[in-house]
Amino acid sequence: MKILVINAGSSSLKYQLYDMKDESVLASGRVERIGMDSSIVTHEPADKPEVRDVQEILDHVTAVKRVIDLLVSPQHGVIGAMTDIDAVGHRVVHGGETFKESVLVNAEVKLEIRNLFDLAPLHNPAHMMGINAVEANLPGVPQAVVFDTAFHQTMPDVAYLYPIPKVLYRRHKIRRYGFHGTSHNYVSEQAAKVLEQPLESLKMITCHIGNGASCTAILGGKSVDTSMGLTPLEGLMMGTRSGDLDPAIVPFTMNKEDLTLSEVNSMLNKHSGLLAISGVSSDMREIVEGMEDGDKNSKLAFDMYTYRLRKYIGSYAAAMNGVDTLVFTAGVGENSVALRKAVCDGLTFLGLRLDDELNAQRSKQARVISAPGSAVRVLVVPTNEELIIARDTYRLSAAAAETAAGE
Ligand SMILES: Nc1ncnc2c1ncn2[C@@H]1O[C@H](COP(=O)(O)OP(=O)(O)O)[C@@H](O)[C@H]1O
Ligand SMILES: CC(=O)OP(=O)(O)O
Ligand SMILES: [Mg+2]
């Protein structure tokens, strides 16, 4: 069974084709700058050279068509025909309170994702374009949706409610939802496997630190609190997002700088975080390089980023009345030795001891990096959101096929 996994953004579409026989990736790639004058297509087949071309791709339907053409192309392809694609799985960022787990797409599901556009205006409309584009190009092929929010639906009301008039929750469902759930869920299970302990027995904090970043308190395998909120803007300082701030800054800035709501929104989402403080980049690699070259603003950006993450870890230790496992994942969490050291060296009050040598080792494997005897085991676990999407899609589409065969 071959499963195509799609992560559609407003101007990009990332994909991976899995062979579920052995969960191998046959090809992966991305289409960037959709709708702009020169779109960039990068296609990486597992056993053939990478293809990269620039062409006009005006919408998501054309982007999906281009991806399928590449997958079946005699020169760059990895499958014989598009009918070899058995099912398609999509990442959907916002599932609101409706979706507590992955589901197959039908008219009702599409309507509900559409109803959530308001809560994730940057993400959900793009996902819907991806779903419709697959429908147009691969009619009749089952599609599944896997939600970033689903894993966090176990949070108790003390964690998910905001202390604002309750009518706002009743009328508009304003509450904490949390994101990156697929990743937090996956790395928590992997960490328990590495430790050879039941997940149910652990008090764990998982830090998904990529472009977007969030931190989750996982008690007995269930998400009990997470740093992102109604939208993926709350919580940690990120590459270009501010994370937590005094909400009064919004009206104050609008007034003083004569900005519109959408301008402030854009400032907080796209022009804040590491980028704003360093004045250099939103990319942690460049921040660390800047810091090593003696750039004061890069150092300040790094210090603020790690300080805020450390405070979250401390607060989640308090939320669970303890922590025994701390996990780093995603682009920065998996790769930045400096970030992990800066965060962990300030957590010795928890009895946490990092092993500097283990921390500095480069590896693609899930592994422990704390010293023997550390009261908190620290792990680096590479995330794999696409694999989880492929597995859920496989499970749901196989079950539906079985039911249909039995009828
Ligand atoms: N070696 C590295 N050291 C520090 N940061 C890194 C390294 N490699 C990647 N990163 C960071 O990872 C970020 C991307 O993380 P990723 O999880 O791929 O993000 P996303 O999925 O949100 O695009 C980059 O912005 C970069 O800052
Ligand atoms: C929800 C979210 O922030 O996703 P990403 O990290 O992919 O931007
Ligand atoms: Mg990511």
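Numbering of ligands and ligand atoms starts at 1, following listing order.
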Worksheet entry | Test log, rule side chain to side chain contact (heavy atoms under 4.5 Å, CB included), inputs Leu230 and Tyr162 | CA-CA 10 Å; Leu230 174 72; Tyr162 291 111; 4.3 Å; yes
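Residue Gly331 has at least one N or O atom closer than 3.5 Å to an N or O atom of ligand 1. Considering both main-chain and side-chain atoms, Ser282 never comes within under 3.5 Å of ligand 1 through any nitrogen or oxygen pair. Checked by distance only, ligand 1 and Met284 come closer than 3.5 Å through their nitrogen or oxygen atoms. Geometrically, ligand 2 and His123 share no nitrogen or oxygen pair separated by less than 3.5 Å. Polar contact check, Arg362 against ligand 1: no nitrogen or oxygen pair lies under 3.5 Å apart. Considering both main-chain and side-chain atoms, His180 comes within under 3.5 Å of ligand 2 through a nitrogen or oxygen pair.
In summary, the atoms of ligand 2 found under 4.0 Å from a heavy atom of Pro232, numbered by their order in the structure, are 1 (C), 3 (O). Within ligand 1, counting atoms from 1 as listed, the ones closer than 4.0 Å to a heavy atom of Ser336 are 4 (C). The atoms of ligand 1 that sit less than 4.0 Å from any heavy atom of Val332 are 11 (C), 12 (O), 27 (O). Each of the atoms 6 (O) of ligand 2 lies under 4.0 Å from some heavy atom of Gly212. Per-residue contacts place Phe179 under 4.0 angstrom from the following atoms of ligand 2 (heavy atoms of the residue considered): 1 (C). Less than 4.0 angstrom separates some heavy atom of Gly212 from each of these atoms of ligand 1: 22 (O).
Nearest to atom 8 (O) of ligand 2 by heavy atom, out of Lys14, Arg241, Arg91, is Arg241. Across the listed options Asn211, Asn7, Ile209, Asn211 owns the non-hydrogen atom lying nearest to atom 25 (O) of ligand 1.
Proximity of Glu385 to ligand 2, defined as any heavy-atom pair under 4.0 Å, is not found for any part of the residue.
A heavy-atom separation below 4.0 Å is found between Asp148 and ligand 2. Between Met228 and ligand 2 there is a heavy-atom distance shorter than 4.0 Å. Taking a 4.0 Å cut-off on heavy atoms, His208 fails to register as neighbouring ligand 2. Not a single heavy atom of His94 sits less than 4.0 Å from an atom of ligand 2.
The two atoms that bring Val288 and Ser336 nearest to each other are CG2-OG, 4.5 Å, heavy atoms only. Closest of all the heavy-atom pairs between Lys341 and Leu354 is CA-CD2, 3.8 Å.
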What donor-acceptor contacts under 3.5 angstrom involve side-chain atoms of residues 219-226, with partners at least two apart or in another chain?
from	atom 1	to	atom 2	distance (Å)
Ser223	OG	His152	ND1	2.9
Thr226	OG1	Cys215	O	3.2
Thr226	OG1	Thr216	OG1	2.8

For a quick test of your reading: what N or O donor-acceptor pairs under 3.5 Å do the side chains of residues 24-32 make, sequence neighbours left out?
from	atom 1	to	atom 2	distance (Å)
Ser24	OG	Asp22	OD1	2.7
Arg30	NE	Glu32	OE1	3.4

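Judged by the 6.0 Å and 45° rule, Arg175 forms a cation-pi pair with Tyr160.
Note: His180 and His208 have parallel aromatic rings, judged against thresholds of 30 and 60 degrees for the angle between ring planes.
Here the straight-line distance linking atom CG of Leu236 with atom OG of Ser227 works out to 4.0 Å at 0.5 Å rounding.
Residues Thr206 and Met204 are in side-chain contact: their nearest non-hydrogen atoms beyond the backbone lie under 4.5 Å apart. Side-chain contact between Val376 and Asp324 is absent, with no heavy atoms from C-beta onward closer than 4.5 Å. Considering only heavy atoms from C-beta on, Phe179 comes within 4.5 Å of Val93 through its side chain.
At a threshold of 4.0 Å, the pair Arg340-Glu334 does not count as salt-bridged, since none of the basic side-chain nitrogens sits closer than that to a carboxylate oxygen.
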